J.: 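Questions regarding the structure given below will be posed in turn.
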Amino acid sequence: MEIAPEVVAGAQRASTSPILVASHFCAGIVVLATLETAREFHRVDTIRIGAVLDESDTGGPAGTADLERWATATTAGTVRSDGVFTWVDGPDAQGDVPSTDGVVLPGRSIAILDVPSLALATGAANVRFDMAVGESAARRRGDPASIEIRVDLEGVGPTGAPLSTSRYLVHPAGQRPLTALGIALGVERQLGLRGEAVPPGIHTPESLIDPAYAAERLAEIGATFVDAPGDMDPAASR
């Protein structure tokens, strides 16, 4: 029901204008970054995202109000498990999120569009997004709040051998630059400033924006991919 107004409006006026539904984490940037990483795979079976949002970096009044409303709407999270989209609550919704410095924060599965976007874009049978709100690794070092988004992928590589990667998408200035970039890329695309004109209908970030292009723009604004401890894949650093 969160996106019901947008979906219903798009269905009732399907030929009127393009609608970009980007109520994803950081306006779709995490989906695009994950899809860029998934290019290394022949087949993706499992995707797990773990985001650490610093408690001092939740945004302005509108963002705070949105988080509060979100928390009261449902305590359940949305996952894809063995190919089936389902709800999880209680202990099943709990999921620890490790930071880049090894500190583990208690998190939980959330109901967010990243899950169906990634599941349907990759075909992965298992997709989960956990979020923890607390102190980021940068703030523990005495620096400004950062954002850390861990992306774990499992599947099969180009040679047919099992492949897994674990890395972080990090920005030292927190979530605001990532969210701003996600919005800017969406607006750029819808205004026809890059690529062909967007046809009327309902669209999501991954249906309009090239993940490789998004990765280039992420690097331009100071975001980096960092190997997670224990990930020995030599191609993991970007």
Side-chain angles (χ1 to χ4, degrees), residues 24-38 40 46-68 70-71 77 93-110 112 114-115 118 128-154 164-185 205 211 214-238:
H24 302 64
F25 196 72
C26 294
I29 278 295
V30 175
V31 167
L32 296 169
T34 301
L35 292 178
E36 175 62 11
T37 299
E40 302 170 16
T46 299
I47 301 174
R48 181 162 183 171
I49 310 294
V52 176
L53 181 65
D54 195 286
E55 59 198 359
S56 67
D57 185 39
T58 56
T64 300
D66 193 48
L67 284 175
E68 292 175 352
W70 195 10
Q94 297 173 359
D96 292 338
V97 181
S99 297
T100 54
D101 60 1
V103 174
V104 177
L105 282 72
R108 63 182 297 111
S109 171
I110 58 177
I112 196 164
D114 298 61
V115 171
L118 287 171
R128 180 180 174 119
F129 192 116
D130 292 315
M131 184 172 72
V133 179
E135 189 177 41
S136 62
R139 199 152 63 88
R140 281 192 290 273
R141 298 192 301 266
D143 296 326
S146 63
I147 190 166
E148 310 156 38
I149 303 155
R150 178 165 173 146
V151 178
D152 294 307
L153 301 178
E154 297 179 8
S164 63
T165 64
S166 297
R167 62 193 59 161
Y168 288 89
L169 174 63
V170 178
H171 199 290
Q175 60 85 15
R176 292 180 177 93
L178 300 187
T179 303
L181 178 61
I183 294 170
L185 293 180
E216 293 175 2
R217 301 304 298 269
L218 278 167
E220 290 177 0
I221 67 166
T224 56
F225 287 98
V226 180
D227 291 355
D231 184 6
M232 302 305 292
D233 179 8
S237 294
R238 299 279 179 92

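Just so it is clear, the model here is predicted, and its values are computed rather than measured.
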J.: Using modelled atom types and a 3.5 Å cut-off, is there a donor and acceptor pairing between side-chain atoms of Arg128 and backbone atoms of Ala93?
T.: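 Yes, Arg128 side chain to Ala93 backbone: donor-acceptor pair under 3.5 Å.
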
J.: Going by salt bridge (Lys or Arg N to Asp or Glu O under 4.0 Å), name the residues that satisfy it together with Glu55, two or more places apart in sequence or in a different chain.
T.: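 Scan of Glu55 (salt bridge (Lys or Arg N to Asp or Glu O under 4.0 Å), adjacent residues dropped) gives Arg139.
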
J.: How long is the gap from CG on Leu218 to CD1 on Ile29, to the nearest 0.5 Å?
T.: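 That separation rounds to 4.5 Å.
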
J.: Could you tell me which non-hydrogen atom of Tyr168 sits nearest to which non-hydrogen atom of Pro98, and how far apart they are?
T.: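 Minimum heavy-atom contact is OH-O, 2.7 Å.
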
J.: Taking atom CZ of Arg167 and atom CZ of Arg150, what is their separation to the nearest 0.5 Å?
T.: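 It comes to 11.5 Å.
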
J.: Looking at Gly95 and Arg48, what are the two nearest heavy atoms and their distance?
T.: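 Reported closest heavy-atom pair: CA-NH2, 3.7 Å.
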
J.: Search all heavy atoms of Gly222 against all heavy atoms of Pro172 and return the closest pair with its distance.
T.: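 Smallest interatomic distance, heavy atoms only, reads O-CD, 3.7 Å.
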
J.: Minimum heavy-atom separation for Val52 to Ser99, with atom names?
T.: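 Heavy-atom minimum between the residues: CG2-OG, 3.9 Å.
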
J.: Ignoring hydrogens and angles, tell me if any N or O in the side chain of Glu148 forms a donor-acceptor pair with the backbone of Thr100 under 3.5 Å.
T.: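 Present.
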
J.: Taking side chain as C-beta onward, heavy atoms only, is Val30 less than 4.5 Å from Phe129?
T.: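 Side chain of Val30 against side chain of Phe129, heavy atoms only: contact under 4.5 Å found.
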
J.: Using side-chain heavy atoms (C-beta onward) and a distance below 4.5 Å, is Pro177 in contact with Ile221?
T.: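 They are in contact (side-chain heavy atoms under 4.5 Å apart), so the answer is yes.
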
J.: Please confirm whether the backbone N or O of Phe25 pairs with a side-chain atom of Asp114, one donor and one acceptor, at under 3.5 Å?
T.: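 Yes, because the side chain of Asp114 sits within donor-acceptor range (under 3.5 Å) of the backbone of Phe25.
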
J.: Measure the OG-CD distance between Ser164 and Glu40 for me, rounded to the nearest 0.5 Å.
T.: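 Reported to 0.5 Å precision, the distance equals 11.0 Å.
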
J.: Looking at every heavy atom in both Ser166 and Asp152, which two are closest together, and how far apart are they?
T.: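 Of all heavy-atom pairs spanning Ser166 and Asp152, the closest is OG-OD1, 2.5 Å.
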
J.: Any side-chain heavy atom of Ile149 sitting closer than 4.5 Å to one from Thr34?
T.: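 No. Closest side-chain heavy atoms not under 4.5 Å.
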
J.: Using 0.5 Å steps for rounding, measure from the CD1 atom of Ile147 to the CD atom of Gln175.
T.: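 Reported to 0.5 Å precision, the distance equals 6.0 Å.
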
J.: Give, for atom CE of Met131 and atom CD1 of Ile110, the distance between the pair rounded to the nearest 0.5 Å.
T.: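 Taking CE in Met131 and CD1 in Ile110, the distance rounds to 4.5 Å.
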
J.: Using modelled atom types only, decide if a donor and an acceptor are shared between the side chain of Asp130 and the backbone of Gly107 within a distance under 3.5 Å.
T.: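 Flag not set: sc Asp130 to bb Gly107 has no pair under 3.5 Å.
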
J.: Which atoms form the tightest heavy-atom contact between Leu169 and Ala33, and what is the distance?
T.: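 Scanning both residues, the minimum pair turns out to be CD2-CB, 4.0 Å.
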
J.: Roughly how far apart are Ile47 CD1 and Leu35 CG, rounded to 0.5 Å?
T.: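 With rounding to 0.5 Å, CD1 (Ile47) is 7.0 Å from CG (Leu35).
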
J.: Enumerate the residue pairs fulfilling salt bridge (Lys or Arg N to Asp or Glu O under 4.0 Å) with a member in residues 97-106, sequence neighbours excluded, ordered by first and then second residue.
T.: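 Output for this query lists Asp101-Arg140.
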
